[in-house]
Amino acid sequence: SGNIYKLLGIPHDFGLRERKKRLANLNSPTTARFHMSRFEYSPSKYLFGRGISYAVQEQFKVYEYEDRVSMPVFDKDGYFLYDVSRLIHEKGYANSSPTDAVPALTHTLRPTDMVFVCESMIDAYTFCTVGFKAIALNGAGNHNGLVDLFKEHYGKIVLALDPDKVGRENAEQIMDKLSKKDVVNLELPYDVNNCWCKMLEAMDFDTACEKFRAFVFRLLGMEQV
């Protein structure tokens, strides 16, 4: 496996035993599709229909095939860790790796960034589409690693979990864990991507971006930057 990845020029590090355990699914069809996409990229029509820009999809190497969307997760150094496969024609996930260890999209963060913490990767992609930084927990309860992740983070942390009972309860738990940080809870009327899609139904993409950003800053009581 190491020789194949070296030949293809794909970042890898099989020298760490801990990382080897994380990369147990490297031979899965989803992962193979992800690596193939590095040579001829084709964005997901499904995610584009959910308002996720092609630029963001390419940035995070999203790939659509058959009945699912493959959304790869990288560590802070840009190495592939695991894959989340979202079904297209029904609500749910397929052949995804365990997602309770490392949040997604963390490799793009800087210590001073304002970052939005979401439940799903599609919600995080939504914030990225309109020009924010975001990460995904891949489940409202998967927040045990946030204290360590934000240990050296000094920017504002905005919680944007789903506005349901589970989301609110876990947002409260995260607020307690990160009480020494600049952390606030963003209370949207719907989950992030649904809010975004409702705006896109009423206006063009560029206008929706401006309105969505203004809406978020207004909820946060901040001046728009």
Side-chain angles (χ1 to χ4, degrees), residues 1-2 4-44 47 52-65 68-86 93-129 131-139 142-153 155 157 160 192-193:
S1 296
I4 293 175
Y5 284 83
K6 183 176 181 181
L7 176 65
L8 297 178
I10 297 170
H12 65 284
D13 183 356
F14 293 100
L16 298 179
R17 184 175 302 175
E18 181 180 356
R19 181 165 288 156
K20 275 188 175 181
K21 291 180 180 179
R22 293 184 192 168
L23 296 176
N25 69 322
L26 277 173
N27 294 322
S28 72
T30 300
T31 305
R33 289 283 185 175
F34 156 62
H35 291 314
M36 288 169 61
S37 73
R38 293 173 58 88
F39 300 95
E40 186 177 352
Y41 185 73
S42 178
S44 166
L47 286 188
I52 308 304
S53 71
Y54 284 169
V56 167
Q57 293 189 50
E58 186 168 15
Q59 177 186 3
F60 294 108
K61 302 303 180 188
V62 178
Y63 191 88
E64 180 178 318
Y65 72 102
R68 65 201 62 180
V69 176
S70 167
M71 298 178 286
V73 176
F74 307 90
D75 69 6
K76 63 183 179 63
D77 299 314
Y79 289 99
F80 175 82
L81 286 179
Y82 62 86
D83 172 80
V84 176
S85 292
R86 174 70 162 81
Y93 294 84
N95 295 335
S96 295
S97 309
T99 59
D100 58 353
V102 181
L105 283 60
T106 61
H107 65 295
T108 66
L109 295 183
R110 296 171 300 185
T112 56
D113 284 334
M114 178 170 72
V115 55
F116 291 79
V117 178
C118 308
E119 286 190 30
S120 73
M121 292 178 72
I122 295 178
D123 285 345
Y125 291 154
T126 300
F127 279 121
C128 294
T129 292
F132 291 120
K133 291 289 186 71
I135 66 171
L137 300 177
N138 291 313
N142 295 333
H143 49 72
N144 289 333
L146 288 184
V147 173
D148 184 61
L149 175 66
F150 289 129
K151 186 176 182 179
E152 303 298 329
H153 191 87
I157 301 167
V192 178
N193 186 252

If I compare all heavy atoms of Pro72 with all of Ser70, which pair ends up nearest, and what's the gap? CD-O, 3.6 Å

Distance in Å, Tyr125 OH paired with Ser53 OG, rounded so as to fall on 0.5 Å steps: 11.0 Å

Using distance only, find each side-chain donor-acceptor pair of residues 108-118 under 3.5 Å and give its atom names and separation, not counting sequence neighbours.
unit_1, atom_1, unit_2, atom_2, d
Thr108, OG1, Leu105, O, 3.3
Arg110, NE, Asp113, OD1, 3.3
Arg110, NH2, Asp113, OD1, 3.1
Asp113, OD2, Arg110, N, 2.8
Asp113, OD2, Lys133, NZ, 2.9

Test side chain to side chain contact (heavy atoms under 4.5 Å, CB included) on Asn138 and Tyr82; report intermediate values, then the result. CA-CA 12 Å; Asn138 291 313; Tyr82 62 86; 3.3 Å; yes

Taking every non-hydrogen atom, the tightest pair across Ala134 and Ala124: CB-O, 3.7 Å

Hey, mind stepping through Val62 and Tyr54 against side chain to side chain contact (heavy atoms under 4.5 Å, CB included) and telling me if it holds? CA-CA 9 Å; Val62 178; Tyr54 284 169; over 6 Å; no

What heavy-atom pair brings Pro103 and Leu146 nearest, and what distance separates the two atoms? CG-CD2, 4.3 Å

To the nearest 0.5 Å, how far apart are OG in Ser44 and CZ in Arg86? 10.5 Å

Chi angles and distances behind the side chain to side chain contact (heavy atoms under 4.5 Å, CB included) call for Ile122, Met71: CA-CA 9 Å; Ile122 295 178; Met71 298 178 286; 4.2 Å; yes

Just do the side chain to side chain contact (heavy atoms under 4.5 Å, CB included) check on Val73 and Met121 with the steps written out, would you? CA-CA 10 Å; Val73 176; Met121 292 178 72; 4.0 Å; yes

Under 3.5 Å donor-acceptor, Gln57 side chain and Ile52 backbone: yes

How close do Phe127 and Ala160 get, counting heavy atoms only, and between which atoms? CE1-CB, 3.7 Å

Between Cys128 and Phe60, the two heavy atoms sitting closest are SG-CE1, 3.9 Å

Residues that His143 engages under ring-ring contact (aromatic ring centres under 6.0 Å, His included), provided they are two or more places apart: none

Would you compute the distance between atom CG of Leu149 and atom CG of Asn144 and round it to the nearest 0.5 angstrom? 12.5 Å

Rounded to the nearest 0.5 Å, what's the gap from NZ on Lys61 to CZ on Phe74? Could you check? 8.0 Å

Return yes if a side-chain donor-acceptor contact under 3.5 Å exists between Tyr63 and Asp83, otherwise no. no

